[in-house]
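Accompanying notes for the structure given below.
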Number of protein chains: 4
Amino acid sequence: MVTPAAAEPTESKPLRADARRNRARVLEAAESVFAAKGTGAPTEEVARAAGVGIGTVFRHFPTKEALLEAVLIARLHRFADEAEAVVAADSADPGAAFFTFLAGWIEMSSAKNAYFEALTAAGVTVPKEKSGIGGRLLGALGVLLSRAQAAGAVREDLVTGELITIIIGVAKAAEYAGPDARLRDRAVTILFDGLRPSAGERR
Amino acid sequence: MVTPAAAEPTESKPLRADARRNRARVLEAAESVFAAKGTGAPTEEVARAAGVGIGTVFRHFPTKEALLEAVLIARLHRFADEAEAVVAADSADPGAAFFTFLAGWIEMSSAKNAYFEALTAAGVTVPKEKSGIGGRLLGALGVLLSRAQAAGAVREDLVTGELITIIIGVAKAAEYAGPDARLRDRAVTILFDGLRPSAGERR
Amino acid sequence: MVTPAAAEPTESKPLRADARRNRARVLEAAESVFAAKGTGAPTEEVARAAGVGIGTVFRHFPTKEALLEAVLIARLHRFADEAEAVVAADSADPGAAFFTFLAGWIEMSSAKNAYFEALTAAGVTVPKEKSGIGGRLLGALGVLLSRAQAAGAVREDLVTGELITIIIGVAKAAEYAGPDARLRDRAVTILFDGLRPSAGERR
Amino acid sequence: MVTPAAAEPTESKPLRADARRNRARVLEAAESVFAAKGTGAPTEEVARAAGVGIGTVFRHFPTKEALLEAVLIARLHRFADEAEAVVAADSADPGAAFFTFLAGWIEMSSAKNAYFEALTAAGVTVPKEKSGIGGRLLGALGVLLSRAQAAGAVREDLVTGELITIIIGVAKAAEYAGPDARLRDRAVTILFDGLRPSAGERR
DNA sequence: AATGAATGAGGCTTCATTCAT
DNA sequence: GATGAATGAAGCCTCATTCAT
């Protein structure tokens, strides 16, 4: 299962070709602008980056908050896409697959993850269930996790619901380490070590 | 060693008594306002909470950024204070002392730590060295860490410099877990398990 | 004489059937939307109410102002239609006919008459003469008025030109009274009493 | 009893001298700007006319609606002031006093009375009671009215509550007559004739 | 030193109008 | 002819910062 291009709203009638193209461009521009300058960046800058008028941005996303939310959802969809791809690949080494996937995702998101805060700060209940993204994500992560546990690569008492919280923490540490790659890798490694089987056996 | 009240600038001439009191009140108010409403809260609200005029806030902190920075530094100083207190207590169980201290800190900061982001987003290089706070912090944490390592409670390959990064990540995870105490505790436990000795021994 | 459907422009070539239908639907929708939400309502809402695209609205009325004007003219045409119908009915009690007609009109327009203001505010000289509506209106009102005067039901010194001004004032008072029917009726009654013969005889 | 300068809010502590001056200037500017260009005129134009920054306007009136309301209330206060002055003058000819007062007020407001509409259109319940203006107004009008009735100059069945509605209607008619002074006077005269004693005696 | 009024740049959002499909 | 996406000027409002009191 693959995310429809640019995670467009599922309910309404299909957008005109040019409209869909613009919507996608805005979403893309928003992602990079917000990543670079923080979620406080003016909407107009997103418009400029997308090469459209400010009105077009607001036509597609009637509120700045809606835009932020859409970016977040798109990102989660890509996360789910990748997770499902790894599931489908069905690696011979599920432990490696699991950790590689997590590390890859963290690498990718480390420099640009203020979305959760921006949204929660705005009082938005992060729409985990919106567009079914929550289910997909938990589903795919659950498969990866249980395979890795079955292979003895991950502690048994870890459940899927805890994973996202943990990933966010690790991503945050990585982001804080910033450009210092060695520090970042060490922090990620150490934190992930908490997921391994022997961990937590004694205390 | 104990932090001078309200972390006032070390170089300038001593403030008049009322001025020092106002400075402290503003700092306190800023901490709680920013904690409650995020760092985007208007400076005027801080003034109101402190019971002073807006002009007074800007007299003490010529910029909003300066205010944010001062709050952050004050917080780090308290962090250092606590760490030094734990060092001074010289517990018989250094491992427990170490983890208890970390957990306490996380608990405290989990609900209110947008400072790092707000500052880094603003392009401020977090002033680790400013007012010597970095040194104190690393010093105290270093002692706690090496005692815990000597007692076999923490993995040997962990160095002080990595600790702050890790703490930030764990705090973030805790914050994201939000009001769900069980989830928060689990995430913190799991992530801290990565600091334990057996962790990382095999891979 | 009866108003041609939807008061379409008299000069231009006859519209295609569907176009004429659309024009009428837009005009109707505009009337009810502007009545309900005021003349500041977005043109797009008119389009939605008419079940056509926004482009269609602007094709028929190149300007919002033109749309407003068309609505006003249509309304005046209906006013004239009714007046002419009353003239044609040639009631045995011309005084009653006159006042009944006025009251009916006031009743109808009381809740929805921002057109004059919207237009005059926009600097439009209300196009009394446009499409000959002024003539029809004054003609019909003149007949009703003089019959009522001949019957001794209306003061002799009242001339047609004053009537519209007076009607607007009374309608305004009625509108201001709003939902309070008793108050509205009293105000209308009192103001209309000024039109009766004994009024103004002494001063 | 005379309105405090510029109808400043009664509750809060007295404003600083300069602030009060600015508040009054803004109110004055708002009145003339809205009168000239309608209540849709941009707030910035009011600021310009008052010779202050846009921020100052919003400091005193946190919303455009609040500004409109303040203008309306100021105007009503002046209405009440004048009415009370006429009451105090205690003319020997109460009928003339009554009609002269009404005519004067209408003359004054005829060219600039979109406030009621602007406010009611915005869904504002016209704050008749706010700042006690309703009471003052009705009180003074009531005295003028009953004196005129006692003198036999005004019909007996007219009650104070109806008067404001009627005045609004007459003012509206006068406004519509616009620059044509003869037409305006005639309309006002005719409508006011409805208030005289013989009117309504027969029907 | 403290106060709080004034300032105005800048952000979000709306909506009349144009134009490619 | 109809459609609705795109446009951008313009409006309302916020808030960091300055300055007269």
Side-chain angles (χ1 to χ4, degrees), chain A residues 13 15-23 26 40-45 47 50-67, chain B residues 15-20 22-23 40-48 51-67, chain C residues 15-20 22-23 40-48 51-67, chain D residues 13 15-23 26 40-45 47 50-67:
Chain A
K13 70 177 71 147
L15 292 169
R16 237 165 59 183
D18 56 345
R20 190 166 58 235
R21 200 165 42 245
N22 271 343
R23 199 189 127 91
V26 167
T43 310
E44 187 141 5
E45 196 158 328
V52 302
I54 180 77
T56 301
V57 176
F58 277 90
R59 160 171 277 268
H60 286 290
F61 309 95
T63 283
K64 184 175 187 182
E65 197 176 278
L67 176 56
Chain B
L15 293 169
R16 244 166 53 180
D18 58 343
R20 190 165 60 235
N22 271 345
R23 199 191 128 90
T43 310
E44 187 140 9
E45 194 158 329
V46 172
R48 218 168 19 243
V52 303
I54 179 87
T56 303
V57 176
F58 275 88
R59 162 165 287 269
H60 286 290
F61 309 94
T63 283
K64 183 174 187 181
E65 198 176 276
L67 176 57
Chain C
L15 294 168
R16 244 167 51 182
D18 57 344
R20 190 166 59 235
N22 272 344
R23 199 190 129 90
T43 310
E44 188 140 8
E45 195 157 329
V46 172
R48 220 169 15 244
V52 303
I54 179 88
T56 302
V57 176
F58 275 88
R59 162 165 286 270
H60 286 290
F61 308 95
T63 283
K64 183 174 187 182
E65 198 176 275
L67 175 57
Chain D
K13 72 177 69 149
L15 291 170
R16 238 166 56 183
D18 56 345
R20 190 166 59 233
R21 200 165 42 246
N22 272 342
R23 199 190 128 91
V26 168
T43 310
E44 187 141 6
E45 195 158 329
V52 303
I54 181 79
T56 301
V57 176
F58 277 92
R59 161 170 277 269
H60 287 290
F61 309 95
T63 283
K64 185 174 184 181
E65 197 175 278
L67 176 57

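Since the model is a prediction, treat every value here as computed from it, not as a measurement. Computation of the quantities below employed the complete heavy-atom set of this structure, encompassing side-chain atoms and omitting hydrogens, waters and symmetry-equivalent molecules.
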Does C:T43 place a side-chain N or O at less than 4.0 Å from the phosphate oxygens OP1/OP2 of E:dA16?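 For E:dA16, OP1/OP2 do have a side-chain N/O of C:T43 under 4.0 Å.
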Whole-Å distance between [N] [atom2] and [X] [atom1]?
X	N	atom1	atom2	result
C:F61	E:dT17	CZ	P	14 Å
D:K64	E:dT14	NZ	P	16 Å
B:R48	E:dA2	CZ	P	19 Å
D:R21	F:dA20	CZ	P	14 Å
B:E45	E:dG4	CD	P	16 Å

Taking side chain to side chain contact (heavy atoms under 4.5 Å, CB included) as the definition, give me every residue that meets it alongside D:E44, ordered by chain and number, with sequence neighbours left out.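 Expected list: D:R48, D:I54.
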Please map the stems of DNA chain E, keeping only stretches of three or more Watson-Crick or G-U wobble pairs with both distances under 3.5 angstrom.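 Stems found: E:2-21 with F:2-21.
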Mind listing the closest non-hydrogen atom pair of A:K64 and A:F58 along with its distance?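 Taking A:K64 first and A:F58 second, the nearest heavy atoms are N-CE2, 4.4 Å.
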If you look at every heavy atom in B:V57 and B:A47, which pair is closest and at what distance?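 Looks like CG2-CB, 3.7 Å.
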Calculate, to the nearest 0.5 Å, the distance between atoms CZ and CG belonging to B:R20 and B:N22 respectively.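 If I round to the nearest 0.5 Å, the distance is 11.5 Å.
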Restricting to nitrogen or oxygen on both sides, can you table the protein-nucleotides 6-9 of chain F pairs closer than 3.5 Å?
residue: F:dA6; atom: OP1; partner: A:N22; partner atom: ND2; Å: 2.2
residue: F:dA6; atom: OP2; partner: A:H60; partner atom: NE2; Å: 3.0
residue: F:dT7; atom: OP2; partner: A:G53; partner atom: N; Å: 2.7
residue: F:dT7; atom: OP2; partner: A:T56; partner atom: OG1; Å: 2.5
residue: F:dG8; atom: N7; partner: A:G55; partner atom: N; Å: 3.3

Along DNA chain F (nearest heavy atom to each residue), the more 5'-positioned of D:P42 and B:A41: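 Final value for this comparison: D:P42.
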